[in-house]
**Student:** 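Here it is, the structure, as structure tokens.
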Amino acid sequence: MHILLTGGAGFIGSNFVRLVLRDRPEYRITNLDSLTYSGNLENLTEFENDDRYAFVKGDVRDPEVLGKVMPSVDAVVHMAAESHVDRSIMDSGPFVDTNTRGTQVMLDVWRRTHGSDKRFVYVSTDEVYGSLPLENPEIKFTETTPLDPSSPYSASKTGGDLLVNAYHHTFGMDLVTTRCSNNFGPFQFPEKVIPLFVTNLMDGEQVPLYGDGKNVRDWLHVDDHCEAVLTVLERGESGEVYNIGGNNERSNLELTHAILEIMGKGDEMIRYVEDRLGHDRRYAIDASKIKNELGWSPSRSAWPGALEETVKWYVDNRQWWERVKSGAYQDYYEKQYGQRA
Ligand code: NAD
Ligand code: TYD
């Protein structure tokens with residue numbers, strides 16, 4: 001199978017490339033990525049000379065480039081997105097443009113190229129369901145929970161979800177959607193909470209904890225997410241949605257204490273800061289459908305071992321995140337490709 005992956009230079013995308021090329025020797029991947037601030041080809045240097053892997057610098061909103069790459073592939077895994085909630089609060093324009101309109105362009109060109117035959121997996125998020133209260137810990141998102149996004153990021157991802165649903169219904173296209181909880185692991189852009197906190201602590205800086213720190217997220221290792229996406233690509237039912245989660249809910253305060261403990265730091269390193277606007281209180285995923293119907297369950301997310309391993313990755317890879325934080329990545333790209341990304 002030859003997969004067109006969008007957003008493969010980002011956190012989850014680059015881990016997906018690694019997993020697929022390792023576990024499916026007969027597969028090929030073409031990675032289409034426009035290399036926004038979070039796309040980083042240094043995440044994939046080990047594949048630069050692998051003939052099962054190809055990189056195309058291109059935008060999911062550009063029908064011309066899609067028209068060139070789509071005919072030669074067998075399936076799409078569409079991950080490219082603007083992905084950070086805080087940025088979407090500052091400026092939602094690029095989010096609607098890439099996450100909603102970009103998905104529409106992807107679907108249109110895929111249909112024009114292959115009709116309704118070939119599979120397209122849309123990688124969405126549990127954030128499309130909105131926020132759960134802390135008071136009823138037994139309630140979790142299922143695939144039939146109404147979509148009720150509450151940040152500009154999640155609203156723009158929901159636009160993609162609704163289009164995928166509509167294109168399956170209207171044109172009979174072979175489309176499947178995944179909705180995953182918060183990921184952690186190597187190569188995550190250090191604006192997200194885990195790499196931000198770990199790298200701050202490594203530099204002796206405090207960690208900015210939003211509000212009262214009681215907001216809850218369900219944490220899943222990125223390899224488990226990638227394995228689930230691959231499972232859905234290979235065996236998911238057309239037109240279905242699959243929740244993906246770790247059954248691993250932690251408050252931000254618990255997460256912060258776990259990181260502090262792993263890194264041998266004390267509570268004085270926590271700086272309580274003003275809360276995020278509209279901060280979703282709790283996400284919790286019921287992932288029984290993918291488990292019962294497709295046999296997937298997480299194997300890499302066990303806590304705190306998987307968190308310790310992730311912290312160690314950032315400790316051991318200071319050069320990677322320092323370059324990302326400082327912009328030295330641009331120098332690498334210019335040397336490699338003759339222009340700045
Ligand atoms: P990321 O920000 O690390 O990577 C996004 C990638 O998309 C980057 O390489 C970027 O250059 C590329 N991109 C952005 N706009 C583009 C465009 N217009 N055209 C082509 N490429 C473009 O994000 P991530 O954390 O790896 O998330 C990947 C996907 O998974 C997203 O769709 C996100 O909504 C979803 N998701 C993420 C999480 C999480 O915890 N990170 C959880 C559930 C779902
Ligand atoms: P984040 O990693 O941005 O993911 P998401 O908003 O998509 O869940 O944030 C995870 C949680 O951590 C979220 O509840 C917000 C909180 N947070 C902080 O307390 N401080 C920070 O500096 C950041 C970036 C996040």
Side-chain angles (χ1 to χ4, degrees), residues 5-16 31-41 43-44 55-62 65-66 77-89 94-95 97-99 101-103 105-106 122-128 131 151 153-154 156-158 160-161 178-185 187-197 200 206-222 225-226 228-229 243-245 250-253 255-256 270-276 278-283 285 324 341:
L5 170 68
T6 69
F11 163 49
I12 300 173
S14 59
N15 282 291
F16 186 77
N31 168 21
L32 179 124
D33 196 300
S34 65
L35 301 177
T36 65
Y37 76 95
S38 72
N40 183 350
L41 288 179
N43 299 356
L44 293 163
F55 171 68
V56 176
K57 186 174 178 195
D59 199 299
V60 297
R61 296 163 292 183
D62 179 357
V65 71
L66 297 180
V77 174
H78 178 36
M79 285 193 191
E82 290 292 339
S83 66
H84 192 45
V85 172
D86 292 318
R87 285 178 188 258
S88 81
I89 293 168
F95 285 75
D97 215 33
T98 282
N99 301 356
R101 191 169 74 78
T103 301
V105 176
M106 287 286 295
Y122 174 61
V123 177
S124 190
T125 163
D126 63 351
E127 302 189 28
V128 299
S131 179
S151 74
Y153 161 68
S154 53
S156 68
K157 289 293 291 185
T158 306
D161 277 68
T178 61
R179 296 186 184 137
C180 188
S181 59
N182 285 61
N183 285 212
F184 65 98
F187 299 106
Q188 187 167 33
F189 196 86
E191 66 187 353
K192 303 281 166 57
V193 71
I194 292 179
L196 177 74
F197 281 17
N200 274 13
Q206 287 181 306
V207 298
L209 189 59
Y210 295 164
D212 60 10
K214 290 186 181 158
N215 303 62
V216 169
R217 297 293 183 264
D218 170 37
W219 290 100
L220 184 76
H221 193 276
V222 64
H225 183 194
C226 291
V229 170
N243 280 353
I244 303 167
R250 310 282 160 182
S251 72
N252 291 338
L253 201 50
L255 171 70
T256 305
I270 301 177
R271 180 164 51 93
Y272 286 89
V273 297
E274 203 177 314
D275 208 355
R276 173 186 279 173
H279 195 175
D280 285 345
R281 205 57 168 150
R282 172 173 170 254
Y283 303 141
I285 275 274
V324 172

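Counting convention: from 1, in listed order, for ligands and their atoms alike. Keep in mind the model is a prediction, meaning the values are calculated, not measured.
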**Student:** Side-chain contact, heavy-atom cut-off 4.5 Å: I194 with W219?
**Tutor:** yes
**Student:** Give me the nearest non-hydrogen protein atom to atom 27 (O) of ligand 1 as residue plus atom name, then the distance to 0.1 Å.
**Tutor:** I12 CD1, 3.7 Å
**Student:** Where is the nearest protein heavy atom to atom 16 (C) of ligand 2: which residue, which atom, and how far?
**Tutor:** N252 ND2, 3.4 Å
**Student:** Using heavy-atom distances only, which candidate in S124, S14, C180 approaches atom 44 (C) of ligand 1 most closely?
**Tutor:** S124
**Student:** Does NZ or CZ of R87 fall inside the cone over Y37's six-membered ring, less than 6.0 Å from its centre and within 45° of the axis?
**Tutor:** yes
**Student:** Contact between ligand 1 and N182 is defined here as a heavy atom of the residue under 4.0 Å from a ligand atom; is it met?
**Tutor:** yes
**Student:** Can you tell which part of R61 has a heavy atom less than 4.0 Å from ligand 1: side chain, backbone, both or neither?
**Tutor:** side chain
**Student:** What do you reckon, does G13 have a nitrogen or oxygen under 3.5 Å from a nitrogen or oxygen of ligand 1?
**Tutor:** no
**Student:** Is K192 close to ligand 2, meaning an N/O of one under 3.5 Å from an N/O of the other?
**Tutor:** no
**Student:** Going by heavy atoms in the side chains, are V105 and D62 under 4.5 Å from each other?
**Tutor:** no
**Student:** Quick one: does W219 get an N or O within less than 3.5 Å of an N or O on ligand 2?
**Tutor:** no
**Student:** Going by the order shown, which atoms of ligand 2 are within less than 4.0 Å of some heavy atom of H84?
**Tutor:** 3 (O)
**Student:** Hey, is ligand 1 close enough to G8 that some N/O pair sits below 3.5 Å?
**Tutor:** no
**Student:** Side-chain contact test, heavy atoms from C-beta onward, threshold under 4.5 Å: evaluate it for Q188 versus V222 and give yes or no.
**Tutor:** no
**Student:** Which atoms from ligand 1 have a heavy atom of A9 less than 4.0 Å away?
**Tutor:** 9 (O)
**Student:** Mark up the atoms of ligand 2 that fall under 4.0 Å of a heavy atom belonging to L209, in ascending order.
**Tutor:** 19 (O)
**Student:** Just wondering, do F55 and L35 contact through their side chains at under 4.5 Å, heavy atoms?
**Tutor:** yes
**Student:** Counting C-beta onward and ignoring hydrogens, is there a side-chain heavy-atom pair between N252 and H279 closer than 4.5 Å?
**Tutor:** yes
**Student:** In Å and rounded to the nearest 0.5 Å, what is the OG to CZ distance from S14 to F187?
**Tutor:** 6.0 Å
**Student:** Which ligand 1 atoms, with their elements, are less than 4.0 angstrom from a heavy-atom of V123?
**Tutor:** 30 (O), 32 (O)
**Student:** Do Y283 and E127 meet the criterion of a side-chain donor-acceptor pair at a distance under 3.5 Å?
**Tutor:** yes
**Student:** Is any NZ, NE, NH1 or NH2 atom of the basic residue among K157 and D126 found under 4.0 Å from an Asp or Glu carboxylate oxygen of the other?
**Tutor:** no
**Student:** Any N/O of A80 closer than 3.5 Å to an N/O of ligand 1?
**Tutor:** no
**Student:** Treating S88 as the side-chain partner and Y153 as the backbone partner, does any N or O pair qualify as donor plus acceptor under 3.5 Å?
**Tutor:** yes
**Student:** How close does the nearest protein non-hydrogen atom get to atom 31 (C) of ligand 1, and which residue and atom is it?
**Tutor:** M79 O, 3.2 Å
**Student:** Can you pull out the closest protein heavy atom to atom 10 (C) of ligand 1? Residue, atom name and distance to 0.1 Å, please.
**Tutor:** T36 OG1, 3.2 Å
**Student:** Does an N or O anywhere in V85 fall below 3.5 Å from an N or O of ligand 2?
**Tutor:** no
**Student:** Mind checking whether N215 has an N or O less than 3.5 Å away from an N or O of ligand 2?
**Tutor:** no
**Student:** Does D280 reach the main-chain N or O of S131 with its side chain, forming a donor-acceptor pair under 3.5 Å?
**Tutor:** no
**Student:** Starting from atom 10 (C) of ligand 2, locate the nearest protein heavy atom and write down its residue, its atom name and how far away it is, to 0.1 Å.
**Tutor:** V193 CG1, 3.7 Å
**Student:** If you measure from each non-hydrogen atom of Y153 to ligand 1, which part falls under 4.0 Å: side chain, backbone, both or neither?
**Tutor:** side chain
**Student:** Counting heavy atoms only, which of H279, K214, E191 is nearest atom 15 (C) of ligand 2?
**Tutor:** H279
**Student:** Of Q188, R276, R271, E127, which has the heavy atom at the shortest distance from atom 7 (O) of ligand 2?
**Tutor:** E127
**Student:** Please say which of I270, V193, V273, D275 ends up in a side-chain contact (heavy atoms from CB on, under 4.5 Å) with L209.
**Tutor:** I270
**Student:** Of the listed options (S83, A81, G160), which comes nearest to atom 5 (C) of ligand 1 when hydrogens are ignored and any heavy atom counts?
**Tutor:** A81
**Student:** Let me confirm one number: the NE2-CD1 distance from H225 to I244, rounded to the nearest 0.5 Å.
**Tutor:** 4.0 Å
**Student:** Tell me the protein heavy atom at minimum distance from atom 25 (O) of ligand 1, and give that distance in Å.
**Tutor:** F11 CD2, 3.7 Å
**Student:** If you measure from OG on S251 to CZ on R282, what distance do you get to the nearest 0.5 Å?
**Tutor:** 12.0 Å
**Student:** Please determine if D33 has a nitrogen or oxygen closer than 3.5 Å to a nitrogen or oxygen of ligand 1.
**Tutor:** yes
**Student:** Going by heavy atoms in the side chains, are N215 and Y210 under 4.5 Å from each other?
**Tutor:** no
**Student:** Starting from atom 4 (O) of ligand 1, what is the nearest protein heavy atom, named by residue and atom, and what distance separates them?
**Tutor:** G10 CA, 3.4 Å
**Student:** Would you check whether V60 has a nitrogen or oxygen atom less than 3.5 angstrom from a nitrogen or oxygen atom of ligand 1?
**Tutor:** yes
**Student:** Looking at R217, which atoms of ligand 2 are within less than 4.0 Å of one of its heavy atoms?
**Tutor:** 8 (O), 13 (C), 14 (O)
**Student:** So, regarding P208 and ligand 2 (criterion: nitrogen or oxygen to nitrogen or oxygen, under 3.5 Å), is there a contact or not?
**Tutor:** yes
**Student:** Please state which option from N183, D218, D97 has its nearest heavy atom closest to atom 40 (O) of ligand 1.
**Tutor:** N183
**Student:** Short N/O distance, under 3.5 Å, between K157 and ligand 1?
**Tutor:** yes
**Student:** Which protein heavy atom lies closest to atom 42 (C) of ligand 1, and at what distance to 0.1 Å?
**Tutor:** S181 O, 3.3 Å
**Student:** In Å, rounded to the nearest 0.5 Å, how long is the span from SG of C226 to NE2 of H221?
**Tutor:** 9.5 Å
**Student:** Which residue and atom name correspond to the protein heavy atom nearest atom 17 (C) of ligand 1, and how close is it?
**Tutor:** S34 OG, 3.3 Å
**Student:** Report yes if some N/O of Y37 lies less than 3.5 Å from some N/O of ligand 1; otherwise report no.
**Tutor:** no
**Student:** Could you tell me, atom by atom, which parts of ligand 2 come under 4.0 Å of a heavy atom of L196?
**Tutor:** 22 (O)
**Student:** Measure the acute angle between the ring planes of H78 and Y122, then classify it against the limits of 30° and 60° as parallel, tilted or perpendicular.
**Tutor:** tilted
**Student:** For the pair V85 and F95, evaluate side chain to side chain contact (heavy atoms under 4.5 Å, CB included) and give the outcome as yes or no after the intermediate values.
**Tutor:** CA-CA 10 Å; V85 172; F95 285 75; over 6 Å; no
**Student:** In terms of atom number and element, which parts of ligand 2 are under 4.0 angstrom from non-hydrogen atoms of N182?
**Tutor:** 4 (O), 5 (P), 8 (O)
**Student:** Using a 4.0 Å cut-off to any heavy atom of L35, which atoms of ligand 1 qualify?
**Tutor:** 11 (O)
**Student:** Rounded to the nearest 0.5 Å, what's the gap from CG on N243 to OG on S124? Could you check?
**Tutor:** 10.0 Å
**Student:** Could you see which bit of F197 sits under 4.0 Å from ligand 2, with heavy atoms only: side chain, backbone, both or neither?
**Tutor:** side chain
**Student:** Please examine the side chains of L32 and L66, heavy atoms only from C-beta on, and report whether any two atoms are closer than 4.5 Å.
**Tutor:** yes
**Student:** Do V229 and V123 have side chains that approach each other closer than 4.5 Å (heavy atoms only, starting at C-beta)?
**Tutor:** yes
**Student:** What's the separation between atom CZ in F189 and atom CG in L196, rounded to the nearest 0.5 Å?
**Tutor:** 10.5 Å
**Student:** Which heavy atom of the protein is the closest neighbour of atom 19 (O) of ligand 2, given with residue, atom name and distance?
**Tutor:** Y210 N, 2.9 Å
